[in-house]
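If you scroll down you'll find the structure; I have some questions about it.
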Amino acid sequence: MAKAKYTTHIGMVDILPGEVEKWRALEAIIHEEAAKFNFEEIRTPILEQTELIVRGVGQLTDIVSKEIFAFKKGDSHYVLRPELTAPVVRSYVQHHLNQRGGSQKLYYIGPMFRAEKPQKGRQRQFHQFGVEIMGSNDPVADVECIAFMMRIYQRIGIENFELKVNSVGDPESREAYKTALRDYLGPNLDKLSEVSQKRFEKNPMRILDSKEAEDQEFIKQAPVIRDFLNEETEEHFENVLAYLDDLSISYTEDPYLVRGMDYYTRTAFELTSPDLGSQDALAGGGRYDLLVEEIGGPSTPAVGFAAGMERLLIACEELDIKLAEPKSVDVYFVSLGDEARKWALTHLPKAREAGISTTMDYMGRSMKAQMKDANRENADYAVIVGSNELAEGKFTLRNMRESEEMSLSFDQIIEKLASR
RNA sequence: GAGCUCGUAGCUCAGUCGGUUAGAGCGCCAGGUUGUGGCCCUGGAGGCCGUGGGUUCAAUUCCCAUCGGGCUCCCCA
């Protein structure tokens, strides 16, 4: 075999037959559960305006500052979407979905793009599913969102994970907290890691997320945001936690959980798994009460999450969870000679019309090779057609699992297979 | 973007302390069984040893670069 001249770009992968079945099974579960939760699917373009993502996700985030695929054509600035919250909000505003009344419960599945160095559980094109609940600031919305997320993993059978929850505060609480954090960290600023020092002014909360060894002892004793929440936000958070308890969803309160997008307010959560290696986040999300307005829409509270589908599939692999059955076909038509081959070709459609999946040899091979192919294709039955069968109008139906054969007319075969 | 590591057949991997035709298992094709798969036996196809350059009489083997994978950091799904 010649070496492939053209290959996928780095960090972009083909999903091949054998693998695709798992994806379809996963997607089916997501669609089914979304229907049970009364979420409606939304599909938005792969390309968005660069300005939307910069404003929406945040100029200073890693995603925008170094992970974006962007290009210009004419006067338009295009970006391959790195996440879907900002685009969904854009769509909500553009099409005035608030006018549909009530809160909007939306979900999505699709590819995202980030120009990162790939490693296990991290690709440049990857897939997420997620939910956005627009228009409600009720803690019930936060918790339904989390409940949907947990339900997907529960249905698949992934139970080895940790749900971390925090409140990152509203703007008022957050300013008070940032001041307190700077007061606390300031005296030791020179002892912090380089990255943390850089974040001190603009985004001191991200220091809490640091994994640098030298930062750890300071983080351990840092003030906790919860002590700075104003009454309303504290009450919201208490309700979220209480509802989670009511639903028996176990969680860890992590006062130092901070998330990568600028738009989060109040509730923030993250689902991590020890089965994933260093890229251990299965899913993450939170509330973004200011984003709709930021993008030019009416002041609208909202909450959502996004989950990585590749990571979910990696976890399945680690846990030996089989999402899809091996493929099979109901019946394989084995034909001997031109007459029989023509008969097979013209009778395939009749079987298919009766709801039977069927195929035949396309390479004019020997009977043995055809039987071998039927076996490889995991056929339940083979129908063997030769000159004897054509003359008698009775065909050999072989049960490939039991290795038993009987002689039947074509109609009898269809009847038998269709009524299985 | 930084560090480490790996890159031999479709797949999983041996091997060459630089030296004539580069191996195994699985898979693929064919035959053993001219009308019967899965097991077994026999044979066959398939590799410029990731790519480019350098050192050398000679490179798949050593050196450099590059591309791609894995791990870590950063960050996130």
Side-chain angles (χ1 to χ4, degrees), chain A residues 1-5 7-13 16 18 57 60-67 81-85 108-130 149 193-196 198-199 206 209-213 257-261 270-273 276-285 304-315 332 334-337 340 361 363 365-390 395-405:
Chain A
M1 278 291 148
K3 190 154 298 290
K5 186 174 176 184
T7 59
T8 52
H9 276 117
I10 178 173
M12 306 208 171
V13 306
L16 302 174
V57 178
L60 297 175
T61 59
D62 283 5
I63 290 179
V64 166
S65 63
K66 57 186 200 193
E67 297 170 4
R81 61 191 197 189
E83 57 101 58
L84 220 50
T85 299
Y108 60 80
I109 300 178
M112 311 294 159
F113 304 83
R114 294 183 196 172
E116 295 190 275
K117 181 159 178 176
Q119 62 188 72
K120 189 173 189 176
R122 169 184 289 166
Q123 294 165 190
R124 291 189 165 190
Q125 175 174 346
F126 62 104
H127 299 78
Q128 292 185 328
F129 68 92
M149 179 177 91
S193 65
E194 208 176 315
V195 252
S196 293
K198 271 190 207 147
R199 287 170 173 160
R206 290 301 299 278
D209 210 25
S210 165
K211 283 159 197 157
E212 302 291 330
L257 174 67
V258 184
R259 298 196 40 79
M261 265 69 77
E270 198 167 272
L271 194 67
T272 58
S273 163
L276 291 180
S278 75
Q279 305 309 317
D280 67 348
L282 277 171
F305 79 87
M309 295 173 74
E310 280 82 2
R311 291 186 186 177
L312 188 156
L313 292 173
I314 289 169
Y332 190 112
V334 173
S335 58
L336 301 155
D361 170 59
M363 308 212 290
R365 292 188 289 189
S366 70
M367 178 174 187
K368 177 172 174 163
Q370 291 185 55
M371 289 300 292
K372 204 173 170 184
D373 199 34
N375 192 58
R376 179 172 33 227
E377 296 300 324
N378 202 10
D380 292 333
Y381 290 88
V383 167
I384 297 161
V385 190
S387 46
N388 300 341
E389 283 82 355
L390 285 177
F395 306 89
T396 306
L397 178 68
R398 180 179 178 85
N399 182 322
M400 297 293 283
R401 316 255 177 247
E402 314 292 332
S403 298
E404 283 166 0
E405 293 185 355

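Labels below follow one simple rule: chain letters A, B, ... track the order of the sequence lines, proteins then strands, and each chain is numbered from 1.
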message: Give the residues of residues 374-383 of chain A touching RNA chain B, defined as any heavy atom closer than 4.0 Å, sorted by residue number.
response: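 Correct list: A/N375, A/R376.
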
message: Please give the distance between the P atoms of B/C67 and B/G10 as a whole number of Å.
response: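 That atom pair is separated by 24 Å.
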
query: For the side chain of A/S403 and the base of B/G38, is some donor closer than 3.5 Å to an acceptor across the two?
result: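 Side chain to base: pair found, below 3.5 Å.
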
task: For A/R81 and A/P111, indicate whether the former's side chain and the latter's backbone hold a donor-acceptor pair under 3.5 Å.
output: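 Such a contact is found between A/R81 side chain and A/P111 backbone.
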
field: Nearest-angstrom distance from the residue atom NZ of A/K372 to C1' of B/G35
entry: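 It works out to 18 Å between those atoms.
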
message: Considering every strand and a 4.0 Å limit on heavy-atom distances, what is the contact class for A/G337: base, sugar-phosphate, or nothing?
response: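 The residue A/G337 makes no contact with any strand.
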
task: Check every atom of B/G37, B/A77, B/C29 against the side chain of A/M371 and return the nucleotide holding the closest atom.
output: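 Given the options B/G37, B/A77, B/C29, the side chain of A/M371 is closest to B/G37.
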
message: Nearest 0.5 Å, please: how far is CD in A/E83 from CZ in A/F113?
response: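 Nearest 0.5 Å value for the CZ-CD distance: 13.5 Å.
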
Pairwise C1' distance for B/G27 and B/C71, with rounding to whole Å: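 It comes out at 30 Å once rounded to the nearest Å.
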
- prompt: Roughly, in whole Å, what's the span from OH in A/Y332 to P in B/G37?
  reply: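 Taking OH of A/Y332 and P of B/G37, I get 14 Å after rounding.
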
- request: Select base, sugar-phosphate, or nothing to describe what A/L282 touches, counting heavy atoms under 4.0 Å on all strands.
  value: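 A/L282: backbone/sugar contact only, no base atoms under 4.0 Å.
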
- request: Just call it for A/G130: base, sugar-phosphate, or nothing, with non-hydrogen atoms closer than 4.0 Å on any strand.
  value: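 Nothing, no nucleic acid heavy atom in range.
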
message: Using a 4.0 Å heavy-atom cut-off, does A/D373 contact any base of the nucleic acid, only the sugar-phosphate backbone, or nothing at all?
response: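 Nothing: the residue A/D373, judged by heavy atoms under 4.0 Å, touches no strand.
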
- prompt: In Å and rounded to the nearest 0.5 Å, what is the CG to CG distance from A/L312 to A/L276?
  reply: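 Output value for this atom pair is 9.0 Å.
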
query: Does A/E405 make a side-chain donor-acceptor contact with the base of B/U36, cut-off 3.5 Å?
result: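 Answer is yes: a donor-acceptor pair is held.
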
query: B/G52 and B/A45: how far apart are their P atoms, nearest whole angstrom?
result: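 So the two P atoms sit 26 Å from each other.
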
message: Restricting to non-hydrogen atoms, name the atom on A/I314 and the atom on A/K120 that form the minimum distance, rounded to 0.1 Å.
response: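 Where A/I314 meets A/K120 most closely, the heavy atoms are CG2-CE, 4.1 Å.
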
field: Atom P, compared across B/G37 and B/A14: separation rounded to whole Å
entry: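 Looking at atom P only, B/G37 and B/A14 are 36 Å apart.
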
message: Students often get this wrong, so: under 4.0 angstrom with heavy atoms, is A/T396 touching a base, only sugar-phosphate, or nothing?
response: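 The answer is base, as A/T396 lies within the cut-off (heavy atoms under 4.0 Å) of a base atom.
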
- prompt: How far, in whole Å, is B/G32 from B/G46 if one measures between their C1' atoms?
  reply: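 Between the two C1' atoms, the distance is 23 Å.
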
query: Can you tell me how far C1' of B/G37 sits from CZ of A/R365, to the nearest Å?
result: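 After rounding, the reported distance stands at 12 Å.
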
field: Whole-Å gap separating C1' (B/U33) and NZ (A/K368)
entry: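 Spelled out: NZ on A/K368 to C1' on B/U33 is 7 Å.
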
- request: Tell me the stems RNA chain B sits in, counting at least three consecutive Watson-Crick or G-U wobble pairs, each under 3.5 Å on both distances.
  value: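 If one scans RNA chain B for consecutive Watson-Crick or G-U pairs, the stems found are B:1-7 with B:67-73, B:10-13 with B:23-26, B:28-32 with B:40-44, B:50-54 with B:62-66.
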
query: If you measure from the C1' atom in B/U42 to the same atom in B/C4, how many Å do you get, rounded?
result: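 Pairwise C1' distance, B/U42 against B/C4, rounds to 48 Å.
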
query: What does A/R398 touch in the nucleic acid at a heavy-atom separation under 4.0 angstrom: a base, only the sugar-phosphate, or nothing?
result: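 Contact class for A/R398: base.
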
query: Separation of A/Q123 atom CD from B/G69 atom C1', in whole Å?
result: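 Those two atoms, CD and C1', are 12 Å apart.
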
Rounded distance in Å - CD1 (A/I63) to P (B/A77):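 Taking atom P of B/A77 as the reference, CD1 of A/I63 is at 6 Å.
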
query: Which letters describe nucleotides 1-7 of chain B, given B = protein heavy atom under 4.0 Å from base, S = only from sugar-phosphate, - = neither?
result: BBB----

message: Using a 4.0 Å heavy-atom cut-off, does A/I10 contact any base of the nucleic acid, only the sugar-phosphate backbone, or nothing at all?
response: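 Contact class for A/I10: sugar-phosphate only.
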
task: Find the distance A/R81:CZ to B/A77:C1' and express it as a whole number of Å.
output: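 Distance, rounded to whole Å: 13 Å.
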
- prompt: Taking the same atom, C1', in B/C26 and in B/G38, what whole-Å distance lies between them?
  reply: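 Each nucleotide's C1' atom is 16 Å from the other's.
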
message: Within the 4.5 Å heavy-atom criterion, are A/M12 and A/P118 side-chain neighbours or not?
response: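 No. Closest side-chain heavy atoms not under 4.5 Å.
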
- request: Take the protein atom CD of A/Q279 and the nucleotide atom C1' of B/C74, then report the distance between them rounded to whole Å.
  value: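 A/Q279 atom CD is separated from B/C74 atom C1' by 10 Å.
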
Criterion side-chain contact (heavy atoms from CB on, under 4.5 Å) on A/Y332 and A/N375, from CA distance to verdict: CA-CA 9 Å; A/Y332 190 112; A/N375 192 58; over 6 Å; no

query: Relative to the 5' end of RNA chain B, which residue comes earlier, A/S387 or A/E67, by the nucleotide with the nearest heavy atom?
result: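 First, find each residue's nearest nucleotide; the 5'-ward one identifies A/S387.
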
- prompt: Taking only residues two or more places apart in sequence, or in another chain, which ones meet A/S387 in a side-chain contact (heavy atoms from CB on, under 4.5 Å)?
  reply: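 A/S387 satisfies side-chain contact (heavy atoms from CB on, under 4.5 Å) with no other residue.
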
- request: Take atom P in B/C17 and the same atom in B/C63, then report the distance between them in whole Å.
  value: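 So the two P atoms sit 15 Å from each other.
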
message: I need the A/Q128 CD to A/T85 OG1 distance, nearest 0.5 Å.
response: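 OG1 of A/T85 is found 8.0 Å from CD of A/Q128.
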
task: Have a look at A/T61 and say if it touches a base, only the backbone sugar-phosphate, or nothing, with a 4.0 Å heavy-atom cut-off.
output: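 No contact at all - A/T61 keeps every heavy atom at 4.0 Å or more from the nucleic acid.
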
task: Give the C-alpha distance, both sets of side-chain angles, the deciding distance and a yes or no for side-chain contact (heavy atoms from CB on, under 4.5 Å) between A/R365 and A/K372.
output: CA-CA 10 Å; A/R365 292 188 289 189; A/K372 204 173 170 184; over 6 Å; no

message: From C-beta outward on A/I384, which listed nucleotide comes closest to its side chain: B/U36, B/G37, B/A77?
response: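 Selected nucleotide (nearest to the side chain): B/U36.
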
message: Could you check whether any side-chain heavy atom of A/E310 comes within less than 4.5 Å of a side-chain heavy atom of A/H127, counting everything from C-beta outward?
response: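 Yes, side chains in contact.
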
Just distance, no hydrogens or angles: give the donor-acceptor pairs under 3.5 Å from side chains in residues 377-386 of chain A, sequence neighbours left out.
from: A/E377; atom 1: OE1; to: A/K327; atom 2: NZ; distance (Å): 2.9
from: A/N378; atom 1: OD1; to: A/R401; atom 2: NH1; distance (Å): 3.0
from: A/N378; atom 1: OD1; to: A/R401; atom 2: NH2; distance (Å): 3.2
from: A/N378; atom 1: ND2; to: A/K327; atom 2: O; distance (Å): 2.9
from: A/D380; atom 1: OD1; to: A/R401; atom 2: NE; distance (Å): 3.1
from: A/D380; atom 1: OD1; to: A/R401; atom 2: NH2; distance (Å): 2.3
from: A/D380; atom 1: OD2; to: A/R420; atom 2: NH1; distance (Å): 3.2
from: A/D380; atom 1: OD2; to: A/R420; atom 2: NH2; distance (Å): 3.3

Under the side-chain contact (heavy atoms from CB on, under 4.5 Å) test, residues paired with A/E116 that sit two or more places apart: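 Partners of A/E116 under the side-chain contact (heavy atoms from CB on, under 4.5 Å) test: A/E67, A/R114, A/R122.
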
message: Using 0.5 Å steps for rounding, measure from the CG atom of A/N399 to the CD atom of A/E404.
response: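 One gets 6.5 Å once the value is rounded to the nearest 0.5 Å.
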
- prompt: About how many Å separate CZ of A/R311 and CD of A/Q279, when rounded to the nearest 0.5 Å?
  reply: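 So the gap between those two atoms works out to 5.0 Å.
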
